Every structure is written in structure tokens, then in C-alpha cells.
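Below is one structure, written out as C-alpha cells; comments come after it.
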Amino acid sequence: MKKLKFTNGDQMDAIGLGTWKSEKGAVTKAVKIALENGYRHIDCASTYGNEAEVGEAFKEVFGGNTVKRDDVWITSKLWNNAHKKEDVIPALKNTLNDLNLEYLDLYLMHWPVAIKPEVGFPEKAEDFLSLDEVPLIETWNEMVKAKEQGLVKHIGVSNFSIPKLKGLMEETDHTPEMNQVELHPYLQQNELLEFCSRNQINVTAYSPLGSGDRPDRMKAADEPSLLENPVIQRIAKKHGANEGQILIKWSEQRGTGVIPKSTNKERIIGNLASAGFQLDEDDLKEIAELDEHFRYVTGKFFEMEGNSYENIYDD
Ligand code: A2P
């Protein structure tokens with residue numbers, strides 16, 4: 001499997017297990033299955049509401065003698081309600097406590113959006129703080145401190161556009177080491193990838209399979225399906241693979257990280273096996289033509305009349 005390289009020499013397995021939308025009752029088992037079957041990269045976030053259950057799996061597996069903590073790359077994310085400088089490190093410590101870990105490999109600012117500390121998920125304009133009140137650089141500087149304190153090995157961002165990356169980079173010497181964004185054949189983001197590559201920012205693809213298990217409030221009625229796309233279906237048949245494996249392979253072969261979520265044993269194991277075959281030139285050409293700049297995760301849930309957020313992705 002491909003590995004993503006960091007400037008200090010650290011490496012991250014491209015394919016990791018995603019845990020967004022994984023039920024509390026299923027995620028402990030899913031993470032154990034993943035680690036026992038070769039995954040060495042797990043992606044988490046405090047807003048997924050299941051870090052304590054993921055942490056149970058870490059405790060059990062790392063307490064045994066098959067997989068060592070240091071051999072696994074573990075990512076988590078700072079939620080929007082902890083952007084104020086006094087809240088960043090405490091939020092990180094809560095995550096470490098829930099995950100039963102001493103350190104994270106990677107900590108990401110989940111969104112370029114700040115909300116009030118007492119708010120879980122924002123529902124009205126008053127739930128937000130503007131970026132004038134809590135600038136991204138204030139949050140970022142605390143993440144730099146967390147790295148200096150050894151609580152995390154690498155720091156990065158998520159859902160950042162090129163203008164937002166540039167804005168942050170103008171204000172700091174600590175370039176984000178990762179940008180985790182939605183990426184799949186319908187949203188190929190070539191320009192963002194080029195920008196990141198030029199600036200030594202690694203990229204990880206979220207919602208690589210289209211996140212069909214999103215809550216209804218986050219879904220549009222006429223969404224195209226990636227797993228049922230005829231081109232993807234044909235390429236899957238050709239390689240004797242399933243459609244999910246083609247989508248995962250496409251991301252991995254492109255040099256990004258990719259974090260398919262599953263709580264199903266067969267699919268967890270099968271998704272990692274995507275590393276074991278190659279897409280050829282014809283496959284890549286056909287998939288390149290599927291780009292239609294379509295987002296499943298529109299970010300519209302953060303854009304409300306009366307708050308200061310609009311066009312979060314700057315596109
Ligand atoms: P399940 O957890 O039952 O396996 P994403 O990673 O884009 O958020 O997509 C996750 C969704 O895709 C979940 O509904 C998950 O269901 C499903 N899924 C995971 N792996 C595959 C696969 N190989 N083929 C089809 N669906 C998959």
C-alpha cells in the first residue's frame with residue numbers, strides 16, 4: 001500500500017478506517033477487526049460522538065501483544081466549539097482521554113468555522129462565533145503548541161479551500177501538514193491537490209464512497225450515486241473487485257490518504273484489500289471524466305442568514 005510521507009520522515013498508510021457515522025454499539029468491534037486485519041491508520045473526530053467506544057478498542061488491542069500503539073497512525077479532529085485559544089488543548093486532552101491514548105499522530109482543525117463553546121451542532125445564527133471574534137490563526141497557534149508539547153505529532157486542517165490555506169499560511173511558519181477534504185470521482189479537486197502538493201501538504205479523501213449513510217438532513221434528493229455509477233461498475237467487474245474497492249483504489253493510487261467507513265467485517269477487510277490491484281491507464285482516463293464538482297457534504301449546514309459564514313469552500 002502507498003504511504004504518505006511527512007517532512008520529518010514519518011509515514012502514514014494511505015488507506016485508513018473512517019469512523020464518521022459508525023454507531024457506538026458497532027465501532028469498538030469495527031476498529032478491533034480493522035487492527036487485527038492489517039489496518040494501521042484509524043481516523044476519528046470528537047464530533048462523531050464515538051471516541052470513547054473507539055478508545056475501548058485501542059485499549060484492548062494495544063493492551064495485547066499483536067499490534068503496538070506506535071505502529072498505528074491515529075488522527076482526530078478539533079471540533080468547532082473549541083476554537084478559542086483556552087479551549088483547544090483541553091479539547092485535545094478530552095479526545096486523548098476518550099481514545100485511551102498518550103498522543104495523536106495527527107490533529108486536524110475540523111472546519112474553518114467557529115461556534116460557541118456550549119453548542120454541539122449549530123442550529124441558529126446565534127450559535128456561531130465569527131472568524132473576526134476567533135480567527136483561525138488563534139486556533140492554529142494553540143495546535144502548534146500542542147505539537148510542541150508532544151500531545152500530537154503532526155497538525156493539519158480539514159475542509160480548507162486554497163484561499164483559506166493561503167490565508168493561514170501567510171500568518172504562520174507552521175504550514176498545515178494535512179488537509180482532509182471530500183474527494184471522489186465526482187469531486188476530484190485537481191487544483192487543490194496541486195496546490196497542496198506544491199506546498200508539501202498531504203491530502204486525505206473523506207466520503208470516498210459517497211457516504212450513503214449520512215443523516216437525511218445532510219442529503220439532497222437527487223444525489224448521484226458513486227457506487228452505482230456504470231463506469232465504476234464496469235471497472236469493478238473488469239478487476240473482479242467491488243465498486244467500493246475501485247473508489248478506494250482510485251484515491252490511493254492518486255497519492256492521497258483515503259478513509260472509507262465501514263462497520264461490516266467483510267467490507268472492512270475488503271476495503272483494505274483495494275491496495276492489492278492496480279487501475280490501468282484506461283480506467284484512470286474514464287474515471288477522470290466523471291468529475292462534476294459535486295459535493296455530498298455541502299457545508300450549507302454552517303451557512304445561515306444572520307451569521308458570517310457563506311461559501312465555506314470558496315467555490
Ligand atoms: P457499512 O458500514 O455497512 O459497510 P463513506 O466512507 O464514503 O462515508 O461511506 C460509508 C458507507 O459506505 C457506509 O454506508 C458503509 O456501510 C458503506 N460501505 C463501506 N464499504 C463499502 C463497500 N466496499 N461497498 C459498498 N458500500 C460500502
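Note that the coordinates shown come from a computational prediction; the quantities given were computed from them, not determined experimentally. Whatever order the structure lists ligands and atoms in, that order sets their numbers, starting from 1.
For atom 21 (C) of ligand 1, the closest non-hydrogen atom of the protein is R267 CD, 3.4 Å. Atom 14 (O) of ligand 1 has its closest protein heavy atom at D213 CG, 3.2 Å. Summary of contacts: the protein heavy atom closest to atom 12 (O) of ligand 1 is L209 CD1, 3.8 Å.
Between W111 and F301, the two ring planes are perpendicular [angle over 60°; tilted spans 30° to 60°]. Using a 30° and 60° split on the angle between ring planes, F62 and F58 fall in the parallel class, below 30°.
The ring of H83 has its center no closer than 6.0 angstrom to the ring center of W140. For an aromatic pair to be called close, the ring centres must be under 6.0 Å apart, and W73 with Y39 fails this. F160 has its ring centre no less than 6.0 Å from the ring centre of Y313.
P260 counts as a contact of ligand 1, since one of its heavy atoms falls under 4.0 Å from the ligand. For E243, the heavy-atom gap to ligand 1 stays at 4.0 angstrom or more.
The existence of a salt bridge linking K238 and D280 is confirmed by a sub-4.0 Å separation between a basic side-chain nitrogen and an acidic carboxylate oxygen. Under a 4.0 Å N-O distance rule, the pair D105/R69 qualifies as a salt bridge.
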Q) Between H239 and D283, is a side chain to side chain donor-acceptor pair (under 3.5 Å) present by the stated rule, with each step listed? A) CA-CA 10 Å; H239 290 279; D283 303 333; 2.7 Å; yes
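The residue among S262, S211, A241, G210 with a heavy atom at the shortest distance from atom 8 (O) of ligand 1 is S211.
Heavy atoms from both the backbone and the side chain of P208 come within less than 4.0 Å of ligand 1. In K261, the parts holding a heavy atom less than 4.0 Å from any atom of ligand 1 are both the side chain and the backbone. Proximity of N242 to ligand 1, defined as any heavy-atom pair under 4.0 Å, is confined to the side chain (atoms from C-beta onward). With a 4.0 Å heavy-atom cut-off, ligand 1 is reached by no atom of R214. Residue contacts with ligand 1 for L227 involve side-chain atoms from C-beta outward but no N, CA, C or O (heavy atoms, distance under 4.0 Å).
The cationic atom of K153 (NZ for Lys, CZ for Arg) lies less than 6.0 Å from the six-membered ring centre of Y103 and within 45° of the ring axis.
Ligand-side atoms of ligand 1 in range of N271: 19 (C), 20 (N), 22 (C), 23 (N), range being under 4.0 angstrom from any heavy atom. Every atom of ligand 1 is numbered from 1 in the order shown, and the set under 4.0 Å from a heavy atom of N264 is 4 (O). Of all the atoms in ligand 1, the ones that sit under 4.0 Å from a non-hydrogen atom of S207 are 7 (O).
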